[in-house]
Amino acid sequence: MFTIIRDLARQNMEFLCGLLLFAVIVGFVILSYFSPYGATDIYLLPPDMPPDGEYWLGTTSRGQDVFWQLTTALRNTLFFGIGVAFLSRIISLVVGLVAGYAGGAVDRVLMAINDSVMVIPQFPLLILFYVVLKDSMTWTALIVIMASLGWSYDARLIRSVAIGLKSRPFTTQSVYSGMTMRKILVEEHLPYVLPIVFATTMNNMIWSIGMEITLSVLGFTDIETPTMGMMIYWANAHSALISGIWWWVAAPVAVIVILFLALFLLSMSMNEYNDPRSRLNRMGS
């Protein structure tokens, strides 16, 4: 994996730009641990102060420093996206590899479940979960629910690769040597799908973070936990744009754009790397 990252950084400008932008995001996340204010503290500072030397990104109508609030919100949102992507990658890997290798009835059953999940209307279902669970809808519960909905497309992609690997000579040799299905999938097939997993992880993070921001802006999550969507929610609740407190909205929107751009560039470059023809064309040019 490190060799792939090194080659991409040398040969692919989009990957390098995405990596640098993501490094900026990680830098903001690290700064959140040095915040002089509590994550939920309010009315500690003069409200509605514009950006200046003391308050770099201004303050909110709730008496919070926008810069430090932004670092904490970005950390929570990024960890949310990573949590959803991690859990959904595990599900997609297990379903895709097992379905592709086992074939037959196992493949048909798993793909029937996969296709059923694929056609579920996700956003209305998430709102329904919030209405039913309400106070029980914690961030951990939301991560599990979204991970349970966000694996189906990638499982089908991994399955298509696993079907091709099943007929390769090294798989036949592994079977004849007495390796179990679990060892074959983990030791022989998994390394071949890791680049695909990395690319789909970026796509899944974009989806899950976008969904979190949408739900938070509409008030369908815990409004006391600072996230990127919650910053916009509270700005709207206090009519920040109408009141001329533009920095309260501009800061999170700008960081969201940078985060999405970084993830998109990383995903696009990994997809290109996974395509041999595109990779050869770039090396030839």
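Proximity of E187 to M179: side-chain heavy atoms (C-beta onward) are separated by under 4.5 Å at one or more points. Contact annotation: the side chain of M13 approaches that of C17 to within less than 4.5 Å [non-hydrogen atoms, C-beta and beyond]. For the pair I232 and M228, the minimum side-chain heavy-atom distance is 4.5 Å or more. Residues Q69 and T60 form no side-chain contact, since every pair of their non-hydrogen atoms from C-beta on lies 4.5 Å or further apart. For the pair F123 and L215, the minimum side-chain heavy-atom distance is below 4.5 Å. For the pair F67 and Y55, the minimum side-chain heavy-atom distance is 4.5 Å or more. Using a 4.5 Å cut-off on side-chain heavy atoms (C-beta onward), N114 and M111 make contact. Side-chain contact between L263 and I209: present, with at least one pair of heavy atoms (C-beta onward) separated by less than 4.5 Å.
A distance of 9.5 Å separates CD1 in I120 from OG in S148, rounded to the nearest 0.5 Å. Atoms CZ and OG, from R75 and S35 in turn, are 8.5 Å apart once rounded to the nearest 0.5 Å. From T71, atom OG1 reaches atom CD1 of I25 across 11.5 Å, with rounding to the nearest 0.5 Å. Put simply, CE on M205 and CZ on F264 are 15.5 Å apart, with the number rounded to the nearest 0.5 Å. Atom CG of L241 is separated from atom CG of N236 by 7.0 Å, given to the nearest 0.5 angstrom. Distance check, rounded to the nearest 0.5 Å: OG of S269 to CG of L19 gives 9.0 Å.
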Practice task
May I have the step-by-step check of side chain to side chain contact (heavy atoms under 4.5 Å, CB included) for L142 and T138, ending in yes or no?
Solution key: CA-CA 6 Å; L142 185 58; T138 63; over 6 Å; no
Exercise for the section: Kindly determine whether T227 and E212 satisfy side-chain hydrogen bond (donor to acceptor under 3.5 Å, both in side chains), including the steps that lead there. Expected result: CA-CA 9 Å; T227 63; E212 179 274 315; 2.8 Å; yes
Practice task
Go through Y233 and L218 one step at a time and tell me if the side chain to side chain contact (heavy atoms under 4.5 Å, CB included) criterion holds.
Solution key: CA-CA 7 Å; Y233 168 84; L218 296 175; over 6 Å; no
Handout entry: Check against side-chain hydrogen bond (donor to acceptor under 3.5 Å, both in side chains), Q122 and W207
Key = CA-CA 11 Å; Q122 298 168 346; W207 168 77; 3.1 Å; yes
Practice task
Give the intermediate values and the outcome of side chain to side chain contact (heavy atoms under 4.5 Å, CB included) for residues D107 and R159.
Solution key: CA-CA 9 Å; D107 182 29; R159 169 184 172 270; 2.7 Å; yes
Exercise for the section: Assess whether side chain to side chain contact (heavy atoms under 4.5 Å, CB included) is satisfied between E224 and M230, documenting all intermediate values. Expected result: CA-CA 8 Å; E224 298 302 326; M230 269 304 126; over 6 Å; no
Side-chain atoms of residues 37-49: list all donor-acceptor pairs with protein atoms under 3.5 Å, sequence neighbours left out, distances to 0.1 Å.
from	atom 1	to	atom 2	distance (Å)
D41	OD2	G38	N	2.9
D48	OD1	S61	N	3.2
D48	OD1	S61	OG	2.6

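Listed here is the closest heavy atom pair of I206 and F260: O-CZ, 4.0 Å. Nearest heavy atom pair, residue L74 against residue L259, reads CD1-CD2, 4.2 Å. Closest approach of L21 to A262, counting heavy atoms only: CB-CB, 3.6 Å. The nearest pair of heavy atoms linking W68 to L31 is CZ3-O, 3.3 Å. Taking every heavy atom of both residues into account, P195 and M270 meet most closely at O-CE, 3.5 Å. Minimum interatomic distance between P252 and W247 (heavy atoms only, all atoms of both residues): CD-O, 4.3 Å.
Transitive grouping of hydrophobic side chains (ILVMFWY, heavy atoms separated by less than 4.5 Å) keeps Y153 and V193 in distinct clusters. When the side chains of ILVMFWY residues are joined at heavy-atom separations under 4.5 Å, either directly or via intervening members, I242 and V66 end up in two distinct hydrophobic clusters. Placement of V217 and W234 within a single hydrophobic cluster is found when ILVMFWY residues are connected by side-chain heavy-atom separations under 4.5 Å, directly or transitively. Grouping the Ile, Leu, Val, Met, Phe, Trp and Tyr side chains by contacts below 4.5 angstrom, directly or via other members, places L87 with F129. L194 and L185 fall within a single hydrophobic cluster, where Ile, Leu, Val, Met, Phe, Trp and Tyr are joined by side-chain heavy atoms under 4.5 Å apart, directly or via other members.
A side-chain hydrogen bond (donor to acceptor under 3.5 Å, both in side chains) with S88 is found for exactly one of T201, D154, N204, T200, namely N204. Tested against M137 for a side chain to side chain contact (heavy atoms under 4.5 Å, CB included), the candidates L126, I145, V131, D222 yield a single pass: I145.
Between the side chain of S152 and the main chain of V117, no donor-acceptor pair closer than 3.5 Å is present. Under the 3.5 Å distance criterion, the side-chain polar atoms of S116 are matched with a main-chain donor or acceptor of A112.
In this structure, W248 and H238 have tilted ring planes: the angle between them lies in the 30° to 60° band. F170 and Y192 have parallel rings, their planes meeting at less than 30° on a 0 to 90° scale where 60° marks the start of perpendicular.
With sequence neighbours excluded, no residue satisfies ring-ring contact (aromatic ring centres under 6.0 Å, His included) with F22.
A cation-pi arrangement is absent between R89 and W151, since the terminal nitrogen or guanidinium carbon is not both under 6.0 Å from the aromatic centre and inside a 45° cone about the axis.
Side-chain contact, T221 with S216: a donor N or O sits under 3.5 Å from an acceptor N or O. Of the N and O atoms on the side chains of T225 and W139, at least one donor lies less than 3.5 Å from an acceptor on the other residue.
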